[in-house]
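Here's the structure we're looking at; comments come further down.
Order of the sequence lines fixes the chain letters, A, B, ..., with proteins taken first and strands second; residue numbering starts at 1 for each chain.
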Number of protein chains: 2
Amino acid sequence: MRGTRARGATADEAKQATGEACAAPRRTRRRRAAVTLNEVAAGAGVAPITVSRALNNPASVSPALRSRIEQAVEQLGYVPNRMAGALASARTRVIPVIVPSLSNVVFVEVIEGIQEAVEAQGYQMLLGSTGYDLGHEAALAATLLGWAPPGMMVAGLRHETRTATLLRNAGIPIVEFMETGRAPIDMNVGLSHVRAGAAMAEHLLARGYRRIGFVGLRMKDDYRARQRYDGLRRQLAGKAAVVLFDREGGAGQGGGQQVGWDALPDLLAITPALDALFFANDEMAVGALLRARRDGTDVPGRIAIAGFNGLPIAALTTPTLTTIVSPRKQIGREAAAMLLARIAGREPTTRRLDVGFTLEAGGST
Amino acid sequence: MRGTRARGATADEAKQATGEACAAPRRTRRRRAAVTLNEVAAGAGVAPITVSRALNNPASVSPALRSRIEQAVEQLGYVPNRMAGALASARTRVIPVIVPSLSNVVFVEVIEGIQEAVEAQGYQMLLGSTGYDLGHEAALAATLLGWAPPGMMVAGLRHETRTATLLRNAGIPIVEFMETGRAPIDMNVGLSHVRAGAAMAEHLLARGYRRIGFVGLRMKDDYRARQRYDGLRRQLAGKAAVVLFDREGGAGQGGGQQVGWDALPDLLAITPALDALFFANDEMAVGALLRARRDGTDVPGRIAIAGFNGLPIAALTTPTLTTIVSPRKQIGREAAAMLLARIAGREPTTRRLDVGFTLEAGGST
DNA sequence: CTGAAAGCGCTTACAG
DNA sequence: CTGAAAGCGCTTACAG
């Protein structure tokens, strides 16, 4: 019933929009912002559904109508209303991605991998950043689900219970990316940060270091750094002394460098017996390396320095920085591939992928 | 008419969803994905519109009903469908932001500034990256406008004609951020890259350099770097020799460092008379500085090195790097503030803001 | 290949 | 403070 009435009204409107004289008062509730599909249909002299088909599945419309419709679209400057389409079809081409921070290059690289893969399939990425706050993460997940996405990606395997419940009950494929370890909500791509820490322990032991410090930045928030520390500590148990330093400060892009710069002389003064420092990330390690360079501190003679992530700059310092390379862009691409497969109704090769890591031994250890 | 029918149907559905026995066959077209506002209304024993009010403007509903509704929302796990809300109200809380790249920390910092400001007002940022391709930018702008956003932000003042037309005709506030210079579509926040280049010219002249090279990376795409070069060249005219080097490669995060690292020995070998190099950004300059350190090249004795952006690492190298600091986070915040003011129907203090820059003279020149 | 009808899940505008 | 009606701009499901 409403269909009939509504169509009558919109047909009139379409005539107005396409320029036909019409003195009937407008019945719309508010200002008309944009050209609609009905107006295009009127312009092309076809039914709205035909315009819809011509746009979404051109092959299903005869060439003659198709070209008339394309012309009307062009002439009227029609831009489809995504909200209406999404509401009617119960489908969106938007994939939300939740990360803890954009200040950390690591997440940005994963995001780039995701974006490339997702855009190639005609999807759009909706980015949310939690600021390492799991409460904020929960709120963000709820809001983003309101966009009825076909799938969702979230960094990490640790969430508040309500977040996990919400995502599990959303009935869409979910990928948790960054680390492996515990059971995922649905799918998982990442690497074992515990094993990465253990690998660094083995490396430092092999090079003869026995009094080792781990330097973290706001470890309370960064549980992946805690996992690396755990791996280091367990692997060194009984073979070398380990001490944890948890530093503050250094917000924003490149902030970690300043923290490493400040930390080096502090730690050497307080615990002069240290012979090696494993920094939670390369930024901090590079900051320490630059500080050693300025102060004339011998690396690795006085103190060995290692980092984590495998940023390009690790290969450019003197000495080069020992680090663990994580395949970040690959994580993004694989995570997106898994999700897109499931969205398309296919089963991905695997639902849990460990992308591994590589220890690059440099001159700094 | 339709309203009556539809409401009859949905009332039945609501009863089913809330658990009342009902054998009538479902009339819906497809699977029911989520709890709807109608179901919450039925659960709380009120009209749907009252639920809508309780959610969007709690003060307009009596405390008694409000708490009954809140309880129903909680119990049913209701998540509002943003698409339906947006379609009905012709308003979205999503603000699209278009940048050329996420690999460049500079854009990421601007984005962070935007996100903070925008989230504080209850808006969500929808991020699009063009890969420095203005054709892609046009497509992205069109798609994003389909979400009927209340405003939009785009990096840069240069776009294809169709992009500018599309944005101008969208009837929403637009902020172009990053550089100042030409007339904006609507509002503009940034700094003059031409003047920044000229400022560096003055600095290098004052320090006695007379044979100066500008090193860019894919200058064809990076017109802001070209503006800095133009400013440098014009300011040096008649006072010093200038030469432009346009390098390739170095994609992705930190890629610029490798380019600077590779460039330094090349340039010194080919044009040994050079006495100063102004790199298009700090990443490249740091790469060159690290190369000089490894090769034992004296900076600034043999060659002076300067960068642009004012990244934190510029203060940590030995010697410290001369650079131009751009207030990136401020650009993001100011741009967002302007846009939000206009969205709220207020007039911002100004529609065109030059945030300026600061030249930090370091030991590298 | 084309179309008339119905509906997606909300909010606006009008009443009371 | 609360509600019945109508509509936002599309797509699905059913016909022909």
Side-chain angles (χ1 to χ4, degrees), chain A residues 1-11 13-14 26-41 44-66 69 78-92 146 148, chain B residues 1-11 13-14 26-41 44-66 69 78-92 146 148:
Chain A
M1 304 257 197
R2 175 258 182 176
T4 320
R5 272 241 326 237
R7 284 194 41 78
T10 44
E13 288 168 25
R26 290 288 290 272
R27 291 182 52 248
T28 35
R29 294 180 296 165
R30 50 189 169 246
R31 84 189 184 297
R32 192 47 156 295
V35 178
T36 69
L37 184 135
N38 278 316
E39 294 168 10
V40 175
V46 298
I49 179 62
T50 306
V51 177
S52 174
R53 288 200 188 99
L55 260 32
N56 295 322
N57 185 12
S60 70
V61 173
S62 69
L65 285 193
R66 200 190 313 152
I69 291 167
Y78 172 62
V79 177
N81 182 320
R82 306 278 160 192
M83 253 95 53
L87 182 59
S89 68
R91 276 191 272 115
T92 340
Chain B
M1 306 255 196
R2 175 260 184 175
T4 322
R5 269 239 329 235
R7 284 193 42 75
T10 45
E13 289 168 22
R26 290 285 293 274
R27 290 184 52 247
T28 35
R29 294 180 297 164
R30 53 191 167 242
R31 82 186 185 300
R32 192 46 155 298
V35 178
T36 68
L37 184 134
N38 278 315
E39 294 167 8
V40 175
V46 297
I49 180 63
T50 306
V51 178
S52 174
R53 287 201 189 97
L55 261 30
N56 295 323
N57 186 12
S60 70
V61 174
S62 69
L65 284 193
R66 201 191 310 152
I69 290 167
Y78 172 63
V79 176
N81 182 319
R82 307 276 160 192
M83 253 96 52
L87 182 59
S89 68
R91 274 190 272 115
T92 340

Quiz item: Quick one: is C/dC1 close enough that its OP1 or OP2 comes under 4.0 Å of any side-chain N or O from A/T50?
Solution: no
Quiz item: Is any side-chain N or O of B/S52 closer than 4.0 Å to OP1 or OP2 of C/dT11?
Solution: yes
Exercise. Please report the closest heavy-atom contact between B/A41 and B/V51, naming both atoms and the distance.
Key: CA-CG2, 3.6 Å
Quiz item: How long is the line joining CG of B/N56 and C1' of C/dA13, in whole Å?
Solution: 16 Å
Quiz item: In whole angstroms, how far is the C1' atom of D/dA4 from the CG atom of B/L37?
Solution: 15 Å
Quiz item: Reading DNA chain D 5' to 3', what string of ( ), [ ], | and . shows its pairs, if Watson-Crick and G-U wobble pairs count only when both distances fall under 3.5 Å?
Solution: |||.||||||||.|||
Exercise. Identify, with sequence neighbours excluded, every residue that meets side-chain contact (heavy atoms from CB on, under 4.5 Å) alongside A/V61.
Key: A/T50, A/R53, A/A54, A/L65, A/R66
Quiz prompt | Selection from C/dT12, D/dC8, C/dG3 that lies nearest to any side-chain heavy atom of B/S89 | solution = C/dT12
Quiz item: Can you tell me how far C1' of C/dT11 sits from CE of A/M83, to the nearest Å?
Solution: 13 Å
Self-check item: Closest listed nucleotide, where the reference is the side chain of A/A47 and the choices are C/dA4, D/dG7, D/dT11
Solution: C/dA4
Self-check item: Earlier contact from the 5' end, DNA chain D, for B/V46 and A/N81
Solution: B/V46
Quiz prompt | Beyond-backbone contact of B/L37 with B/S52, side-chain heavy atoms, under 4.5 angstrom | solution = yes
Quiz prompt | Nearest-neighbour nucleotide for the A/I49 side chain, D/dA13, D/dG7, D/dT2 considered | solution = D/dA13
Self-check item: Residues B/V79, B/V35; criterion side chain to side chain contact (heavy atoms under 4.5 Å, CB included); working and verdict
Solution: CA-CA 7 Å; B/V79 176; B/V35 178; over 6 Å; no
Practice problem: Taking all heavy atoms of A/Y78 and all of A/L55, pick out the closest pair and write down the distance. | Solution: CE2-CD2, 3.5 Å
Quiz item: Taking N and O atoms by type only, does the side chain of A/R53 place a donor or acceptor under 3.5 Å from a partner on the base of C/dG3?
Solution: yes
Practice problem: Say whether, by atom type as modelled, one donor and one acceptor occur between the side chain of A/T92 and the main chain of A/A86 under 3.5 angstrom. | Solution: no
Exercise. Round to the nearest Å and state the distance from B/R66 atom CZ to D/dC1 atom P.
Key: 9 Å
Self-check item: Flag side-chain contact, heavy atom, 4.5 Å: A/L87 against B/N81
Solution: yes
Quiz prompt | Spacing of B/N38 atom CG relative to C/dC8 atom P, expressed in whole Å | solution = 9 Å
Quiz item: Of the nucleotides D/dG9, C/dC1, C/dC10, which one has an atom closest to the side chain of A/L87?
Solution: D/dG9
Quiz item: Over how many whole Å does the gap from A/R82 atom CZ to C/dC10 atom C1' extend?
Solution: 20 Å
Self-check item: Whole-Å gap separating C1' (D/dA13) and CG (A/N57)
Solution: 16 Å
